[in-house]
Amino acid sequence: MKERYPDVTIETICRLLIPPIQLFALYVIAHGHYSPGGGFQGGCILGASFIMMFIAYDIGEVKRKMQEKLNTILCSTGVLIFAGIGLICLILGANYLDYGILHNILPVHQAKARALGTLGIEIGVGIAVTSVMVSIFLNIATAGEHEGEP
Amino acid sequence: MITAFSLFLFAIGIFFFFTATVGLLRMPDFYCRMQATGKGDTMGAFLTVTALALYNLHYGFTLSAVLVSLKIMFIAVFIFVANPTATHAIAKAGMDCGFEPWTRERRAE
């Protein structure tokens, strides 16, 4: 691999821009049921901020902070949250992902339980999409050789 | 008055986009095209989005309209910071890969 020269401009701008981008991604995830957005879009923005970090800094350096093992665990956790909320609804006697029934176990009334269920689903989707985006980028950028030695 | 001013900004923005497109089509090599599109697109997008934010206020300065204009201005500032950096990064990547600039003697293909 070629020697990499650090660049002050790119690294400074990334350090300035990445926190607002991640904050905006969390806003898109949390505000998804009132405005355009949701779990998938917010997760894509969050994943893009990590990809920007990978491009601006050395890949090995960032991978020490965000390891492949952690990434895989996050990916499956997101799917688990999604499927788990759906299955809880199924166990309580309603259809799959029918959040209205959640008011039996949450101390809120039915409409609020529906909103909370949607929020939980979107958080799960956001986590899964973020880690899958990072994983796809790593696999393409390093031609599948990123595992093991950083 | 606000409408006239936003139209004026819009016209200048369109002019910058036009120069960027001409530069993209007519410049001889990679670096010259990067220079033309980087500057022209940044200024054109900034002025156009600013004109939209101003035009949004032409019914009056209500709270919701001002908030929408502020959000549009956030987009403008983001473009103004991110676009030159992206141009710089692409030009630097080309330089790191050993891409030679165009000269009059050694014409690029």
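The structure presented is a predicted model; accordingly, all values stated were derived computationally and were not measured. Note on naming: letters A, B, ... go to the chains in the order of the sequence lines (proteins, then strands), and numbering restarts at 1 for each one.
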Who passes side-chain contact (heavy atoms from CB on, under 4.5 Å) against Phe80(B), sequence neighbours left out?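 For Phe80(B), the residues satisfying side-chain contact (heavy atoms from CB on, under 4.5 Å) (neighbours in sequence not counted) are Thr42(B), Met43(B), Phe46(B).
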Looking at Ile10(A) and Thr85(B), what are the two nearest heavy atoms and their distance?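 Where Ile10(A) meets Thr85(B) most closely, the heavy atoms are CA-CG2, 4.2 Å.
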Would you check if Val81(B) and Leu17(A) make a side-chain contact, meaning some heavy-atom pair closer than 4.5 Å?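 The answer is yes; the side chains approach within 4.5 Å.
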Assigning hydrophobic clusters by single linkage (Ile, Leu, Val, Met, Phe, Trp, Tyr; side-chain heavy-atom cutoff under 4.5 Å), is Ile127(A) placed with Leu26(A)?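 Each belongs to a different hydrophobic cluster.
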Cluster overlap Leu119(A) with Phe40(A), hydrophobic side-chain contacts below 4.5 Å: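 Yes, Leu119(A) and Phe40(A) fall within the same hydrophobic cluster.
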Is it the side chain or the backbone of Ile21(A) that comes within 4.5 Å of chain B heavy atoms, both, or neither?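 When you check distances to chain B, only side chain atoms of Ile21(A) fall under 4.5 Å.
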Should we count CZ of Phe24(A) as having more than 12 external heavy atoms under 6.0 Å?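 Open: at most 12 neighbouring heavy atoms sit under 6.0 Å from CZ of Phe24(A).
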Which is it for His88(B) and Ile13(A) under the side chain to side chain contact (heavy atoms under 4.5 Å, CB included) test, yes or no, and what are the steps along the way? CA-CA 11 Å; His88(B) 171 82; Ile13(A) 295 296; over 6 Å; no
Pairs in or reaching into residues 9-44 of chain B: which pass ring-ring contact (aromatic ring centres under 6.0 Å, His included), with residues at least two apart or in two chains?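 Checked against ring-ring contact (aromatic ring centres under 6.0 Å, His included) - neighbours excluded - the pairs reaching residues 9-44 of chain B are Phe30(B)-Phe99(B).
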Contact origin within Phe74(B) toward chain A - heavy atom pairs under 4.5 Å: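 For Phe74(B), no heavy atom lies under 4.5 Å from chain A.
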